[in-house]
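Take a look at the structure set out below.
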Amino acid sequence: MKLSSYKESDKYEIKQLFEDVFAESEGPEEGRLISGLVLDLLNTTKSQDIFGFVAREGEKITCGLFFTRLHFDGPIEAFILSPVAVKTECQGKGIGKKLINYGLEQLRDKGVKLVFTYGDPAFYSKVGFKQITEEVVQAPLPLSQPEGWLCQSLDGDEIKPVSGRPRCVEALNKPEYW
């Protein structure tokens with residue numbers, strides 16, 4: 001397995017990965033929604049505001065994920081991990097965890113202090129994320145499942161309360177993702 005940053009030439013293979021994975025697990029509509037998010041992220045997000053990573057087996061992409069910048073009113077260097085997809089037949093083998101850890105290390109090396117995600121606490125706790133409340137840090141948009149609001153400090157410092165609502169990149173700034 002090879003882990004790396006995504007390349008522009010990977011765009012449509014990555015889009016198809018997300019469509020297939022989410023359609024198989026959540027239905028065709030969700031597959032179209034999340035693959036549309038991926039294309040929107042890739043087509044509209046400034047390069048300094050997005051990091052994408054893939055895992056390959058041979059020439060095929062088996063896992064993909066994206067981190068995009070969260071903007072706070074203060075000088076906080078933060079990103080959000082969303083979305084993540086692992087080919088259905090590759091799930092349960094640790095590929096997703098390896099790629100998430102690889103991506104977190106890349107962000108740590110770039111001086112990022114906080115990474116957030118919105119997902120399953122049971123899964124994301126395995127890669128260092130902890131549940132937080134919106135009293136600590138608000139989510140960019142209202143959450144349909146507040147227990148899924150998670151954060152990780154990449155510098156080892158305690159996650160301190162932050163005032164104000166952060167802003168996510170435009171592609172992710174839609175209620176249907178929250």
Side-chain angles (χ1 to χ4, degrees), residues 1-70 77-131 145 148-156 168-169 171-172 177:
M1 174 177 44
K2 181 181 179 203
L3 308 177
S4 66
S5 295
Y6 84 96
K7 297 180 278 197
E8 180 67 24
S9 60
D10 296 332
K11 183 190 296 188
Y12 292 101
E13 185 179 356
I14 292 169
K15 178 233 181 249
Q16 194 62 53
L17 167 73
F18 278 86
E19 184 162 348
D20 293 346
V21 168
F22 280 87
E24 289 171 25
S25 66
E26 308 289 328
E29 189 175 316
E30 189 74 4
R32 286 188 296 275
L33 178 72
I34 301 303
S35 66
L37 167 61
V38 167
L39 276 183
D40 205 10
L41 285 170
L42 292 171
N43 290 332
T44 65
T45 307
K46 295 177 186 174
S47 61
Q48 70 267 23
D49 291 338
I50 187 170
F51 294 98
F53 300 100
V54 295
R56 294 178 195 277
E57 291 289 337
E59 294 300 310
K60 295 196 98 175
I61 295 174
T62 57
C63 180
L65 58 83
F66 294 93
F67 295 92
T68 54
R69 189 175 305 277
L70 273 181
E77 190 67 19
F79 278 76
I80 186 165
L81 168 61
S82 182
V84 177
V86 179
K87 268 191 183 264
T88 305
E89 62 271 18
C90 298
Q91 291 176 7
K93 299 177 182 178
I95 295 169
K97 286 187 251 179
K98 285 179 186 167
L99 189 59
I100 290 169
N101 284 325
Y102 175 81
L104 291 170
E105 190 60 38
Q106 303 303 307
L107 290 171
R108 185 179 289 111
D109 290 348
K110 294 181 183 319
V112 174
K113 303 295 184 207
L114 295 173
V115 176
F116 296 84
T117 196
Y118 181 46
D120 179 6
F123 174 77
Y124 287 105
S125 66
K126 295 175 185 176
V127 288
F129 286 90
K130 295 177 175 59
Q131 285 182 287
Q145 298 178 339
W149 188 228
L150 311 165
C151 186
Q152 181 173 164
S153 169
L154 295 186
D155 62 6
C168 53
V169 298
L172 199 52
Y177 302 127

Note, F22 side chain near L37 side chain (heavy atom, < 4.5 Å):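 Heavy-atom side-chain distance check fails, nothing below 4.5 Å.
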Close side-chain approach of N43 and K11, heavy atoms under 4.5 Å: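 Yes, their side chains come closer than 4.5 Å.
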Minimum heavy-atom distance between S35 and K15, given as atom pair plus value: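 Looking at all heavy atoms of both residues, the shortest contact is CB-O, 3.5 Å.
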Closest heavy-atom pair and its distance - I95, T62: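 For I95 versus T62, the nearest heavy atoms are CG2-OG1, 4.1 Å.
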Residue from R108, R69, K113 passing salt bridge (Lys or Arg N to Asp or Glu O under 4.0 Å) with E77: R69
Candidate pair L81 and Y124, rule side chain to side chain contact (heavy atoms under 4.5 Å, CB included), full reasoning: CA-CA 10 Å; L81 168 61; Y124 287 105; 3.8 Å; yes
Pair Q106-F51, side chain to side chain contact (heavy atoms under 4.5 Å, CB included): steps then yes or no: CA-CA 9 Å; Q106 303 303 307; F51 294 98; over 6 Å; no
Q145 backbone acceptor or donor facing Y118 side chain under 3.5 Å: yes
Check: Y6 ring centroid to F66 ring centroid under 6.0 Å: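 Yes; F66 has its ring centre under 6.0 Å from that of Y6.
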Greater than 12 external heavy atoms within 6.0 Å of Q48's CD: yes
Atom pair CD1 (I14) and CD1 (I61), whose distance is rounded to the nearest 0.5 Å: 4.5 Å
F123/V84 under side chain to side chain contact (heavy atoms under 4.5 Å, CB included): CA gap, chis, key distance, verdict: CA-CA 12 Å; F123 174 77; V84 177; 5.7 Å; no
Stepwise side chain to side chain contact (heavy atoms under 4.5 Å, CB included) check, V21 with V86: CA-CA 7 Å; V21 168; V86 179; 5.9 Å; no
